[in-house]
Visitor: 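Quick one: this structure, given as structure tokens, is what I'll be asking you about.
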Amino acid sequence: MLTGKQKRFLRSKAHHLKPIFQVGKIGVNENMIVQVNEALEKRELIKITILQNCLDDKETVAEELQAGTGAEIVQIIGNNIVLYKESKENKEIVLPSSSD
């Protein structure tokens with residue numbers, strides 16, 4: 001579980017990211033979860049856009065992605081979801097320690 005300080009740190013890093021996935025009418029499916037998981041392994045922090053025609057609300061989409069990938073929801077803002085998952089192979093983001 002991320003602390004408030006760690007979430008703030010990740011939000012500041014995610015601010016400049018462009019969304020690399022879009023969730024549309026069909027919502028979250030197995031294929032998308034696999035792709036999001038691969039992207040998280042490469043980048044650790046990603047942004048996903050929810051399109052207007054998506055039938056699920058953004059909280060549901062975020063929870064489905066979190067459950068499917070094991071990632072942390074950093075932020076849901078507007079129609080964007082920011083997810084973080086520590087990479088096993090490509091760890092680049094060093095989170096501030098929770099004790100600071």
Visitor: Would you kindly confirm whether Ile26 and Val28 end up in one hydrophobic cluster when ILVMFWY residues are joined by side chain heavy atoms under 4.5 Å apart?
Guide: no

Visitor: Looking at every non-hydrogen atom in both residues, tell me the closest pair between Ala71 and Gln66 and how far apart they are.
Guide: O-CG, 2.9 Å

Visitor: OG1 of Thr3 to CG of Leu95: how many Å apart, nearest 0.5 Å?
Guide: 8.0 Å

Visitor: Quick one: closest heavy-atom pair of Leu51 and Gly24, and the distance?
Guide: CD1-CA, 4.0 Å

Visitor: Take atom NZ in Lys13; do more than 12 heavy atoms of anything else shown fall under 6.0 Å from it?
Guide: no

Visitor: Let me check something: do Leu83 and Val74 share a hydrophobic cluster, defined by ILVMFWY side-chain heavy atoms less than 4.5 Å apart, either directly or through other members?
Guide: no

Visitor: Please name the pair of heavy atoms, one in Gly68 and one in Asn37, separated by the smallest distance, quoted to 0.1 Å.
Guide: O-ND2, 4.4 Å

Visitor: Using every non-hydrogen atom in the two residues, find where Ile33 and Glu64 come nearest and quote the distance to one decimal.
Guide: CD1-O, 4.1 Å

Visitor: Report the distance from atom CD1 of Ile73 to atom CG of Leu65, rounding to the nearest 0.5 Å.
Guide: 8.0 Å

Visitor: Under a single-linkage definition using a 4.5 Å side-chain heavy-atom cutoff for Ile, Leu, Val, Met, Phe, Trp and Tyr, are Leu45 and Ile76 assigned to the same hydrophobic cluster?
Guide: no

Visitor: Decide whether Val23 and Phe21 are clustered together by the hydrophobic rule: side chain heavy atoms of Ile, Leu, Val, Met, Phe, Trp, Tyr closer than 4.5 Å, transitively.
Guide: yes

Visitor: Which pairs count as side-chain hydrogen bond (donor to acceptor under 3.5 Å, both in side chains) when at least one residue sits in residues 39-48, sequence neighbours excluded?
Guide: Glu41-Ser87

Visitor: Would one find more than 12 heavy atoms of other residues, nucleotides or ligands at under 6.0 Å from atom CD1 of Ile77?
Guide: no

Visitor: Flag yes if more than 12 heavy atoms outside Lys91 fall under 6.0 Å of its NZ atom; otherwise flag no.
Guide: yes

Visitor: What's the shortest heavy-atom distance between Gln6 and Met1, and which atoms?
Guide: OE1-O, 4.2 Å

Visitor: State plainly whether one hydrophobic cluster holds both Tyr84 and Leu40, where clusters connect Ile, Leu, Val, Met, Phe, Trp and Tyr through side-chain heavy atoms under 4.5 angstrom apart.
Guide: no

Visitor: If you look at every heavy atom in Gly27 and Cys54, which pair is closest and at what distance?
Guide: CA-SG, 4.4 Å

Visitor: According to side-chain hydrogen bond (donor to acceptor under 3.5 Å, both in side chains), does anything in residues 67-80 pair up with another residue at least two apart or in another chain? List the pairs.
Guide: Thr49-Asn80

Visitor: With respect to Ile20, which candidate in Val36, Ile48, Ile46 satisfies the side-chain contact (heavy atoms from CB on, under 4.5 Å) definition?
Guide: Ile46

